[in-house]
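Structure, as structure tokens:
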Amino acid sequence: MGFFYGFGYCFLTDWHYQVLHQLGKTDLPYSYITFLIERVVGIRIDDQLVVNFTTWTFATVVLITIGIQIKQKKNQ
């Protein structure tokens, strides 16, 4: 779905936001993770900061996973 709607698109987030709009909730952040942080911790963090952090975290995890896989293949 990200190919059509953009990288990181989640239909469940879209659906949840639609429900929240129907319930009258406005001023929802762009990032669902920002929404969760605000909901759980009670503070609103800049959307771009959250997007950058999650992107770098995802990329780091992918690179570490690839490195582990390569190391395991060499040890077989």
Side-chain angles (χ1 to χ4, degrees):
M1 300 281 292
F3 182 75
F4 298 105
Y5 295 102
F7 181 75
Y9 174 80
C10 176
F11 72 94
L12 293 173
T13 299
D14 193 26
W15 185 30
H16 188 195
Y17 273 18
Q18 288 177 24
V19 170
L20 289 173
H21 279 291
Q22 291 294 321
L23 294 173
K25 180 78 172 161
T26 59
D27 191 33
L28 294 169
Y30 169 77
S31 167
Y32 190 71
I33 294 175
T34 305
F35 170 76
L36 291 177
I37 292 169
E38 182 179 354
R39 186 84 187 253
V40 173
V41 181
I43 58 172
R44 181 91 177 242
I45 299 174
D46 180 58
D47 278 328
Q48 193 59 49
L49 178 66
V50 173
V51 169
N52 289 342
F53 181 77
T54 55
T55 301
W56 282 106
T57 301
F58 176 74
T60 302
V61 169
V62 168
L63 291 174
I64 290 170
T65 302
I66 291 170
I68 290 171
Q69 292 296 319
I70 291 171
K71 184 176 178 181
Q72 286 179 347
K73 291 285 184 186
K74 286 181 180 180
N75 290 336
Q76 286 183 354

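We use all heavy atoms of the structure for the numbers below, so side chains are in, but hydrogens, waters and symmetry mates are not.
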* Asked: Does the side-chain contact (heavy atoms from CB on, under 4.5 Å) test come out yes or no for Ile43 and Glu38, once each step is laid out?
  -> CA-CA 5 Å; Ile43 58 172; Glu38 182 179 354; over 6 Å; no

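Residues Val51 and Gln48 meet the side-chain proximity criterion, which asks for heavy atoms closer than 4.5 Å. Residues Gln72 and Gln69 have side chains in contact (heavy-atom distance under 4.5 Å, counting atoms from C-beta outward). Side-chain atoms of Val61 and Phe58, non-hydrogen and from C-beta on, never get closer than 4.5 Å to each other. Looking at Ile37 and Ile33, their side chains come closer than 4.5 Å, going by heavy atoms from C-beta outward.
With a 6.0 Å radius and a threshold of 12 heavy atoms from other residues, nucleotides or ligands, Gln18 has its CD atom above the threshold.
Across every non-hydrogen atom of Arg44 and Thr34, the tightest pair is NE-CG2, 4.2 Å.
Checking each of Val50, Val40, Thr13, Leu20 against Phe35 for a side-chain contact (heavy atoms from CB on, under 4.5 Å) leaves exactly one that passes, namely Leu20.
A single hydrophobic cluster is not seen to contain both Leu36 and Leu23; linkage of ILVMFWY side chains at heavy-atom distances under 4.5 Å, directly or through other members, places them apart. Both Ile45 and Val41 are members of a single hydrophobic cluster when ILVMFWY side chains are connected at heavy-atom separations under 4.5 Å. In terms of hydrophobic clustering, with Ile, Leu, Val, Met, Phe, Trp and Tyr side chains grouped at heavy-atom distances under 4.5 Å, Tyr9 and Leu12 are assigned to a common cluster.
For Asp47 (side chain) and Pro29 (main-chain N/O), no donor-acceptor pair under 3.5 Å exists by modelled atom type.
Aromatic ring pairs are classed by plane angle as parallel below 30°, tilted from 30° to 60° and perpendicular above 60°; the pair Tyr32 and Tyr17 is tilted.
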